[in-house]
Amino acid sequence: MQGVRAAVALRSTDHDAGDGPASPGRPTVAAFDFDGTLTDSGSVFPFLVSLRGAWPVLRAVVRLSPELVRAAITGGQAADHVKERLFTRLLGGLPIDEVDRRSAAFAHRHLQRHLRDDTRRRLEWHRRQGHHIVVVSASPECYVMPAGEELGVDGVVATRLAVGGGGLLTGGYEGKNCRGAEKYARLVVYLRSRGLLSNGGGEQPVLWAYGNSRGDLRLLNAADHGVDAGRLGPLGRLRRFPRLSAVAASARGHGDADHMA
């Protein structure tokens with residue numbers, strides 16, 4: 001029931017917002033997934049390799065391969081659980097200061113190699129409209145945060161890694177994996193903390209949400225404007241939502257060219 005109340009609180013009542021500006025005094029929020037949406041590929045395994053090297057990551061993957069295969073098929077809690085086990089094997093005991101430093105370097109390299117031009121242009125479109133832009137990701141906050149800073153977004157919501165005694169990572173999550181319903185719930189908390197979401201009544205922000213996988217489905221369902229940024233088209237899990245290319249074309253039709261200023 002708590003998730004249902006949050007959905008009602010966040011969804012706007014203005015379904016004719018289209019590509020034009022929101023009503024005066026009413027904010028618009030654009031929430032972008034990271035892996036496969038802002039970038040053209042996943043980031044977790046490259047990140048782990050950048051910290052630990054290819055062979056330790058390969059050994060951990062082999063040991064967890066039955067669970068990884070099951071998680072790829074079923075998703076949900078199975079995926080959350082095996083991801084945490086992988087992190088525990090590979091990240092547990094690493095100093096958080098070193099991880100943060102190397103994560104920032106990884107974020108820069110990853111964006112240089114994998115940032116999608118089409119989604120970047122859409123992000124810039126929202127920036128030109130004066131919208132509040134948030135990256136919402138299941139990937140670790142330690143590198144999604146510096147990636148968001150490099151992209152110039154207003155905020156980042158991502159999976160947090162727990163830090164134990166002596167400033168060492170435990171490898172486990174602090175809270176939950178920021179995927180599915182948790183991704184949406186964390187965005188609601190973020191918007192309330194920024195004063196962008198009312199606790200009851202009144203006008204709420206217009207929400208645009210961009211994703212590429214089933215982990216983004218809850219967020220797109222809650223948005224006024226959910227956009228499928230995936231590459232699978234009619235074969236993808238988000239196929240009932242308008243495609244990114246169609247939304248960008250609509251913006252051009254409204255007289256705002258979808259390109260870098």
Side-chain angles (χ1 to χ4, degrees), residues 3 33-39 41-111 113-114 135-149 155-187 189-190 211-219:
D33 170 55
F34 189 69
D35 290 343
T37 299
L38 283 169
T39 66
S41 62
S43 60
V44 169
F45 283 105
F47 168 66
L48 294 174
V49 170
S50 76
L51 287 181
R52 295 299 313 276
W55 283 112
V57 173
L58 180 59
R59 286 195 295 270
V61 168
V62 169
R63 289 179 180 178
L64 294 173
S65 56
E67 293 177 63
L68 288 167
V69 170
R70 189 181 315 116
I73 295 172
T74 63
Q77 292 185 359
D80 296 341
H81 177 68
V82 72
K83 179 180 171 182
E84 188 171 28
R85 289 196 63 193
L86 185 66
F87 286 170
T88 300
R89 283 181 177 272
L90 293 170
L91 302 181
L94 295 183
I96 184 59
D97 291 343
E98 178 186 352
V99 170
D100 284 344
R101 175 179 57 81
R102 296 175 66 182
S103 295
F106 169 79
H108 176 74
R109 291 194 306 271
H110 192 72
L111 288 180
R113 297 170 183 171
H114 298 288
V135 175
V136 189
S137 175
S139 294
E141 184 183 70
C142 57
Y143 67 82
V144 180
M145 183 68 74
E149 291 172 355
V156 168
V157 175
T159 298
R160 300 189 183 106
L161 299 178
V163 181
L168 303 180
L169 289 176
T170 68
Y173 303 140
E174 180 186 321
K176 296 181 180 180
N177 189 28
C178 189
R179 181 200 58 80
E182 180 67 12
K183 179 175 284 192
Y184 172 68
R186 288 275 307 279
L187 178 63
V189 171
Y190 168 86
N212 74 302
S213 70
R214 61 186 173 188
D216 304 309
L217 186 58
R218 178 69 181 88
L219 179 59

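No experiment lies behind these values; they were computed from the predicted model shown.
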For R218 and K183, indicate whether the former's side chain and the latter's backbone hold a donor-acceptor pair under 3.5 Å. no
Exceeds 12 heavy-atom contacts within 6.0 angstrom, atom CD of Q77: no
Give a yes or no on this: more than 12 heavy atoms of other residues, nucleotides or ligands lie within 6.0 Å of atom CZ of R63. no
Salt bridge D80-K176, side-chain N to carboxylate O under 4.0 Å: no
[X] vs [Y] side-chain heavy atoms within contact, under 4.5 Å:
| X | Y | result |
| --- | --- | --- |
| L90 | F47 | no |
| V44 | Y143 | yes |
| H110 | F34 | yes |

Which heavy atom of G164 sits nearest to which heavy atom of T170, and what is that distance? N-CG2, 3.7 Å
Heavy-atom closest pair, residues V82 and L68: CG2-CD2, 3.8 Å
Separation between CD (E98) and CG (L168), nearest 0.5 Å, reads 10.5 Å
From CZ (R179) to CD (E182), nearest 0.5 Å: 9.5 Å
Name of the residue among H81, K83, R160 meeting side chain to side chain donor-acceptor pair (under 3.5 Å) with N177: K83
